[in-house]
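See below for the structure under consideration.
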Amino acid sequence: MSLSNEQIERYSRQIILNNIGGKGQEKLLSSKVLIIGAGGLGSPAALYLAAAGVGTIGIVDSDKVELNNLQRQILHSTKNVGKSKAESAKERINNLNSDVNVIPYILRLTSENILDIIKDYDIVIDGSDNFPTRYLVNDACVILKKPLSHGGIFKYDGQVMTIIPGESACYRCLFPQPPPPGLVPGCQEAGILGVVAGIIGLMQANEVLKYLLGIGELLTSKLLIFNAIESRFRIVKIPKNDNCFVCGKNPTLTKLIDYEEFCSVKKR
Amino acid sequence: MCICIRIPTPLQKITKDKSEVMGKGKNIKELIENLEKDYPGIKERLYDEKENLRRFINIYVNEEDIRFLKGDETEIKDGDEISIIPAIAGG
Ligand SMILES: [Zn+2]
């Protein structure tokens, strides 16, 4: 692939960066990133990756845009309330950059469909809003050895980690099992400050860009924690767990698990 | 002996909205027992019915996860920073 004059102009401010250059830009244009959830995390991640010229972006979301999403889900706009989030995302991204091939998936991930969807992508971003999907995505990425950027938010807190299966700790090395339904406040009642989603979603986009370009240091076997009230970042170590159920020495996970839905209020 | 414990947002209801509390004890188990006296209800958020630490909340002594040290027998000392970090799912 060679860059057109228009592409050289569009991406000039990052092409001039050492570590990127024309080669790096070509790499981005031929990369495929799957974003799970066109919500608070997926929105900023998708917009910045699209702006940077990631060539193919898949977006999985089964929901429709609601008015109460717009406080943080900046992919969507008032006129798209009621429209599928994946379609709304495609529209917004293509307005920003028509170099990007956006593939919408209007569906809910399950143990049946997930492997087929993620298999063709270079890296996956988890921006989902529930534990069952998060554990399913982690397990599927480990099975297919697919790199995964994990991000989670709650009120004023955010967490980010990058998972390179086989090399670094996975989400289950960190938290072996999801909480049982009812023990952790649901996504609906909790609330979230929009900028927390923005900050964490962009940390994920940054991890993905570094992975695709093969530069810098990733947040592997580390958890970055952000708190907006104190404007404080911290990093704790996540040792790769030899006894991990999915990525340990003797993994016992033989079949993907569909955990019970936690935020059942959300289902319409 | 006084040790600083960082409380995550989901548990701050129990600590009266405080994000940082002081505690004491020679190990994590004692620290949590003592914390329970000041903030009743915190222990059951950290331990399950079988008195095992829950698998979706981790406790760190400085940067180290106690699961990879000596669990709740991990010794602590003055000046250590203890963090409680739960899984969060929002997106
Ligand atoms: Zn693991």
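Numbers restart at 1 for each chain; the letters A, B, ... are given by sequence-line order, proteins then strands. These figures come from a predicted structure and were not determined experimentally.
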Item to check | Interatomic spacing from CD1 in A:Ile225 to OH in B:Tyr60 - rounded to 0.5 Å | outcome: 6.5 Å

Checklist entry - Measuring heavy-atom distances to chain B, does A:Arg72 have an atom under 4.5 Å in its side chain, in its backbone, in both, or in neither? => result neither

Next on the checklist: Can you confirm whether more than 12 heavy atoms, excluding those of A:Lys83, are under 6.0 Å from its NZ atom?
Outcome noted: yes

Item to check | Contacting region of A:Leu174 [heavy-atom separation from chain B under 4.5 Å] | outcome: both

Checklist entry - Is the shortest heavy-atom distance from the side chain of B:Phe56 to the side chain of A:Pro178 under 4.5 Å? => result no

Checklist entry - Does the side chain of B:Arg67 come within less than 4.5 Å of A:Pro176's, by heavy atoms? => result yes

Item to check | Intermediate values then yes/no, salt bridge (charged side-chain N to carboxylate O under 4.0 Å, His left out), B:Glu63 and A:Lys222 | outcome: CA-CA 10 Å; B:Glu63 284 182 6; A:Lys222 284 182 211 124; over 6 Å; no

Next on the checklist: Can you confirm whether A:Asn250 is buried at CG, in the sense that more than 12 heavy atoms of other residues, nucleotides or ligands lie under 6.0 Å from that atom?
Outcome noted: no

Item to check | chain B interface, residue from A:His150, A:Lys237, A:Arg172 that has the most non-hydrogen pairs under 4.5 Å | outcome: A:Lys237

Checklist outcome for this item: The reported gap from CD1 in A:Ile153 to OG1 in B:Thr9 (rounded to nearest 0.5 angstrom) is 12.0 Å

Next on the checklist: If I compare all heavy atoms of B:Asn58 with all of A:Phe175, which pair ends up nearest, and what's the gap?
Outcome noted: ND2-CE2, 3.5 Å

Item to check | Contact origin within B:Glu20 toward chain A - heavy atom pairs under 4.5 Å | outcome: neither

Checklist outcome for this item: Okay, A:Ile36 and chain B: the region with an atom under 4.5 Å from a heavy atom over there is neither

Item to check | Side-chain donor/acceptor of B:Arg54 to backbone N/O of A:Pro179, under 3.5 Å | outcome: no

Checklist entry - Between A:Arg134 (side chain) and B:Ala89 (backbone), is there a donor-acceptor pair under 3.5 Å? => result yes

Checklist entry - Can you name the closest pair of heavy atoms from B:Ser19 and A:Glu230 and give their distance? => result OG-OE2, 3.3 Å

Checklist entry - Would you say A:Phe245 has more than 12 foreign heavy atoms packed within less than 6.0 Å of its CZ? => result yes

Checklist entry - How close do B:Pro10 and A:Phe154 get, heavy atom to heavy atom, and via which atoms? => result CG-CE2, 3.5 Å

Checklist entry - Below 4.5 Å, heavy atoms only, C-beta onward: do A:Lys155 and B:Gln12 meet side chain to side chain? => result no

Checklist entry - Looking at A:Ser128, A:Gly127, A:Ala197, A:Gly39, which one has more heavy-atom pairs under 4.5 Å with chain B than the rest? => result A:Ser128

Item to check | Test side-chain contact (heavy atoms from CB on, under 4.5 Å) applied to A:Val236 and B:Glu64, step by step | outcome: CA-CA 7 Å; A:Val236 293; B:Glu64 307 287 341; over 6 Å; no

Item to check | A:Asp129 side chain to B:Gly90 backbone, donor-acceptor under 3.5 Å | outcome: no

Item to check | Choice from B:Ile85, B:Ile57, B:Asn62 maximising heavy atom contacts with chain A below 4.5 Å | outcome: B:Ile85

Next on the checklist: Taking OH in B:Tyr47 as the centre, count heavy atoms belonging to other residues, nucleotides or ligands within less than 6.0 Å. Is the count above 12?
Outcome noted: yes

Next on the checklist: If I measure from the heavy atoms of chain B, does A:Asp126 come under 4.5 Å with its side chain, its backbone, both, or neither?
Outcome noted: neither

